[in-house]
Amino acid sequence: MIRPFIFIIFFCFGINLFAQSTKDSIAYMVGLQMENSFYEGNADFVSSIFNNEKFRDLFLLKDDNNPDLKAFHLGFSQQNWAEAYARPILYNLEQGGYYNFVNYYKDAYDNYFLIFRFFGNEGINYHEYLLQIENKDQYYIIDIFNYLSGEFLSQTAEQIYLPLAMEYSKFQPDESFLQNEVEDLIKLSKVKQLIQEGKLKKAKTLFFTINEDLRATTAFTAIEFQLTSLEDEADYKEILERMMKNTESPACVHLMSIDYYFMNEQYDQCMAAIDSLYSYTKDDFLDFYRGNIAFAEGNVEKSRAFFQRMAYNFPYTPEGYDYTLAMEYQLMWYDSMLVTLDTLANKMDFYYKDLDPIMQSDYPLFTEKKLYKDWLKDRLESDQLLEEEFKETSKLIELSPFQQELNEKYANPDLSPLKEEDLATFKQLDFYPYDASYKVEARLERTQSSEVFKMKTTTDRLPDYRQYGILHFRLEGKDFQLPIYQNVSMLRLKEYRNLLFFPFTDDTNGETSYGGGRYIDVRIPEGDTIILDFNEAYNPYCAYNDKYSCPIPPSENYIPIEIKAGVKKFKD
């Protein structure tokens, strides 16, 4: 956490990890999948591999002889702690923050720890996910360590669990649990809730009603730190000192001491703390902070070297270039600034005409020089050539998010169903024009106790499906009732168990759409209404490549009209 000089970063990681074993490969891929899940705006993947049972075993009291406590555990076990932990992360991402997989390591017990970097308004923090790997198909997270709080999620959960267990059951704690702490632990959970809601003043008032000795513990001090304004420098430093003293984890101490030493202008110690933190995280992005510290020391050349190295290691991160430019401007290295600008524009796909107003604002003396004006004139000509080229492929911009996503998937060699020769020339799929009249509200009539059946495919494969219900909807002035299905094998996968499959045929098949019909995927609703958007109808993979085995829409799913919406056929 480096709040005195923190800058919000947009970054992309280049992780140089070489898998030494199958488990190493799994750990690496799990880290990347977790990062992707967060950036997609959910924590579904994290929740799916978080083992709540093993996690709860870390702090739950034995309830063999206490039926009331056992009953309480049944209700308490419904809490998904991974989802709760993910909420502030997702909120941070929504506010423009960042969350990325940095590295992993293995301990002596063959446990893997996935290191993530958290950036937000309060600076930098690291999380370590405790990952246990049994085999390639069986792995799970059982706990999460937070550098800022200096504690595991299980310890945080225990603070919430114990007072609730005592309050809602007849459980009486033995001497190891102090009765007078129960009320304060309940207050702490309320403080955390108020912080989440942004009610910091109320949270701070309530926090200081907690027993002073309890507030001195690491977990409580971390909460107090969140409630302390940077303007209260004396309090801020005092809390940092307490956290550094009470935290057992060396990595946590290094993270906290960076801020502390910087505020005290102890730059050598600050650099040493960053180097020590690097020994735990192997996070090359720490060059950003080294650059800031070197600049604070007045060593502009050294600062520029750190920022330049950062730009090299993270070529798609604009801040590395931005601060390299700032240092070069300080040094009056104008030729170097032009090189940095060219690299920035090429890596980030910026137009020079968009960079020029920024340069005019930030570096006015430089932009008045003939060197810059001649360079800009030449680059604006290249802008014009790029714009003309862009106009030829600008149709993509007019597409809906669904269509853009589908095009991106089909252009990706790792995801595309296209044959190699088609992929080489692929630009975009052919869609019917978007038509809002094809987005209808359907009433779902759930089918009770439907039998599993074998759905026919384009090959001998016969996957198991069941009819989930009947959709009642009106389209082009006509009423329709068609079945919607659920893939039985997908029920084992958490991310797909809520997915319904709506295959259909219509009178465009074989003419302007694929002859075998099309599909729409929808989520199971909470009520009895489904939004059926035929603009999102897509072709089965067999429309593009005969190596695939695709479900054939049942005869009951024929719609006797022309549905001119969604994806058209691939080739005439």
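- Note that CG of Leu93 is 12.0 Å distant from CD of Glu40, once rounded to the nearest 0.5 Å.
- Judged by distance alone, with hydrogens and angles left aside, the side-chain atoms of Ser276 form a donor-acceptor pair with the main-chain N or O of Ala272 at under 3.5 Å.
- Using a distance-only test at 3.5 Å, with no hydrogens or angles considered, no donor-acceptor pair links the side chain of Ser416 to the main chain of Ala411.
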Next item on the list: Given side-chain hydrogen bond (donor to acceptor under 3.5 Å, both in side chains), test Asp24 with Tyr112 step by step and report yes or no.
Entry: CA-CA 9 Å; Asp24 287 337; Tyr112 283 78; 2.8 Å; yes
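- Within 6.0 Å of the CD atom in Gln138, the count of heavy atoms belonging to other residues, nucleotides or ligands exceeds 12.
- Remark: Tyr334 OH to Leu365 CG distance equals 6.5 Å, nearest 0.5 Å.
- Atom CE of Met310 sits about 10.5 Å away from atom CG of Leu286, to the nearest 0.5 Å.
- With sequence neighbours excluded, the residues that form a salt bridge (charged side-chain N to carboxylate O under 4.0 Å, His left out) with Asp342 are Arg379.
- Of all the heavy atoms in Met327 and Ser303, the pair that sits closest is SD-OG, 3.3 Å.
- The number of heavy atoms from other shown groups lying within 6.0 Å of CD (Glu405) does not exceed 12.
- Remark: the Tyr278 side chain and the Asp287 side chain contain no N/O donor-acceptor pair separated by less than 3.5 Å.
- Qualifying ring pair (Phe, Tyr, Trp, His ring centres under 6.0 Å) partners for Tyr410, counting only residues two or more places apart in sequence or in other chains: Tyr544.
- The side-chain hydrogen bond (donor to acceptor under 3.5 Å, both in side chains) check on Asp374 picks up Lys370, with sequence neighbours excluded.
- Residues that satisfy the salt bridge (charged side-chain N to carboxylate O under 4.0 Å, His left out) test with Asp110, not counting sequence neighbours, are Lys23, Lys106.
- With sequence neighbours excluded, the residues forming a ring pair (Phe, Tyr, Trp, His ring centres under 6.0 Å) with His254 are Tyr280, listed by chain and number.
- Side-chain contact check for Gln360 versus Asp356: some heavy-atom pair is nearer than 4.5 Å.
- Every residue was checked against the ring pair (Phe, Tyr, Trp, His ring centres under 6.0 Å) condition with Tyr312, not counting sequence neighbours, and none meets it.
- At distances below 3.5 Å, at least one donor-acceptor pair connects side-chain atoms of Asp143 with backbone N or O atoms of Ser154.
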Note to self: Before you tell me yes or no, could you show the steps for Leu380 and Lys353 under side chain to side chain contact (heavy atoms under 4.5 Å, CB included), namely the whole-Å CA-CA distance, both residues' side-chain angles and the distance that decides it to 0.1 Å?
What the structure shows: CA-CA 6 Å; Leu380 289 177; Lys353 66 177 183 179; 3.7 Å; yes
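- Taking every heavy atom of both residues into account, Ile258 and Ala273 meet most closely at CG1-CB, 3.7 Å.
- For Phe45, the CZ atom is densely surrounded, since the number of other residues' heavy atoms within 6.0 Å is greater than 12.
- Separation of atoms CG (Leu376) and CG (Leu355) is listed at 9.5 Å; rounding is to 0.5 Å.
- The closest side-chain heavy-atom distance from Asn146 to Leu153 is not below 4.5 Å.
- Ring to ring, Phe50 and Phe55 are close: their centroids are under 6.0 angstrom apart.
- Using a 4.5 Å cut-off on side-chain heavy atoms (C-beta onward), Phe38 and Asn100 make no contact.
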Note to self: Set out, in order, the CA-CA distance, both residues' side-chain angles and the distance that settles side chain to side chain contact (heavy atoms under 4.5 Å, CB included) for Lys204 and Phe208, then state yes or no.
What the structure shows: CA-CA 6 Å; Lys204 192 169 185 177; Phe208 283 103; 3.6 Å; yes
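- Of the N and O atoms on the side chains of Asp283 and Tyr126, at least one donor lies less than 3.5 Å from an acceptor on the other residue.
- With sequence neighbours left out, the side-chain contact (heavy atoms from CB on, under 4.5 Å) criterion links Lys54 to Asn51, Gln132, Tyr140, Ile142.
- Between Phe307 and Phe288, the ring planes lie perpendicular to each other; the angle is over 60°, past the 30° to 60° tilted range.
- Between the side chains of Tyr147 and Glu128, at least one donor-acceptor pair of N or O atoms lies under 3.5 Å.
- Side-chain contact check for Trp375 versus Leu341: some heavy-atom pair is nearer than 4.5 Å.
- Listed by chain and number, the residues in a side-chain contact (heavy atoms from CB on, under 4.5 Å) with Asp275 are Arg290 (sequence neighbours excluded).
- Remark: Lys369 is not positioned above the aromatic ring of Tyr372, lacking an NZ or CZ atom under 6.0 angstrom from the ring centre and at most 45 degrees off the axis.
- Asn299 places a side-chain heavy atom less than 4.5 Å from the side chain of Glu301.
- Phe145 has its side chain within reach of Cys252: a pair of non-hydrogen atoms, C-beta onward, lies under 4.5 Å apart.
- Side-chain N or O atoms of Ser47 include none that pairs as donor or acceptor with a backbone N or O of Asp44 at under 3.5 Å.
- In this structure, CD in Gln404 is found 11.0 Å from CG in Leu406, a value given to the nearest 0.5 Å.
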Item checked: Verdict with reasoning, Ile124 to Tyr289, per side chain to side chain contact (heavy atoms under 4.5 Å, CB included) -> CA-CA 10 Å; Ile124 185 173; Tyr289 305 109; 3.9 Å; yes
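- At a threshold of 4.5 Å between non-hydrogen side-chain atoms, the residues Phe366 and Leu338 count as touching.
- A donor-acceptor pair is defined here as one N or O able to donate and one able to accept, closer than 3.5 Å; such a pair exists between the side chain of Gln155 and the backbone of Phe152.
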Notebook entry, point to check: Stepwise, does the side chain to side chain contact (heavy atoms under 4.5 Å, CB included) test hold for Tyr267 with Tyr261?
Noted result: CA-CA 7 Å; Tyr267 300 127; Tyr261 290 134; over 6 Å; no
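- For the pair Asn125 and Leu148, the tightest heavy-atom approach, listed with the atom from each and the gap, is OD1-N, 3.0 Å.
- Thr324 has its side chain out of reach of Thr343: every pair of non-hydrogen atoms, C-beta onward, lies at least 4.5 Å apart.
- Here the CD1-CD1 distance, from Ile133 to Ile26, works out to 5.0 Å after rounding to the nearest 0.5 Å.
- With Ser361 contributing its side chain and Ile358 its backbone, the two residues share no donor-acceptor pair below 3.5 Å.
- Considering only residues two or more places apart in sequence or on other chains, Glu134 meets the salt bridge (charged side-chain N to carboxylate O under 4.0 Å, His left out) condition with none of them.
- Outside the 6.0 Å centre-distance limit, the rings of Phe306 and Tyr323 are not counted as a close aromatic pair.
- When the ring pair (Phe, Tyr, Trp, His ring centres under 6.0 Å) test is applied to Phe116, the partners found at least two apart in sequence or on another chain are Tyr99, Phe101, Tyr129.
- With sequence neighbours excluded, the residues forming a salt bridge (charged side-chain N to carboxylate O under 4.0 Å, His left out) with Glu328 are Arg304, listed by chain and number.
- Listed by chain and number, the residues in a side-chain contact (heavy atoms from CB on, under 4.5 Å) with Ala326 are Tyr363 (sequence neighbours excluded).
- For the pair Ala294 and Met271, the tightest heavy-atom approach, listed with the atom from each and the gap, is N-CE, 4.0 Å.
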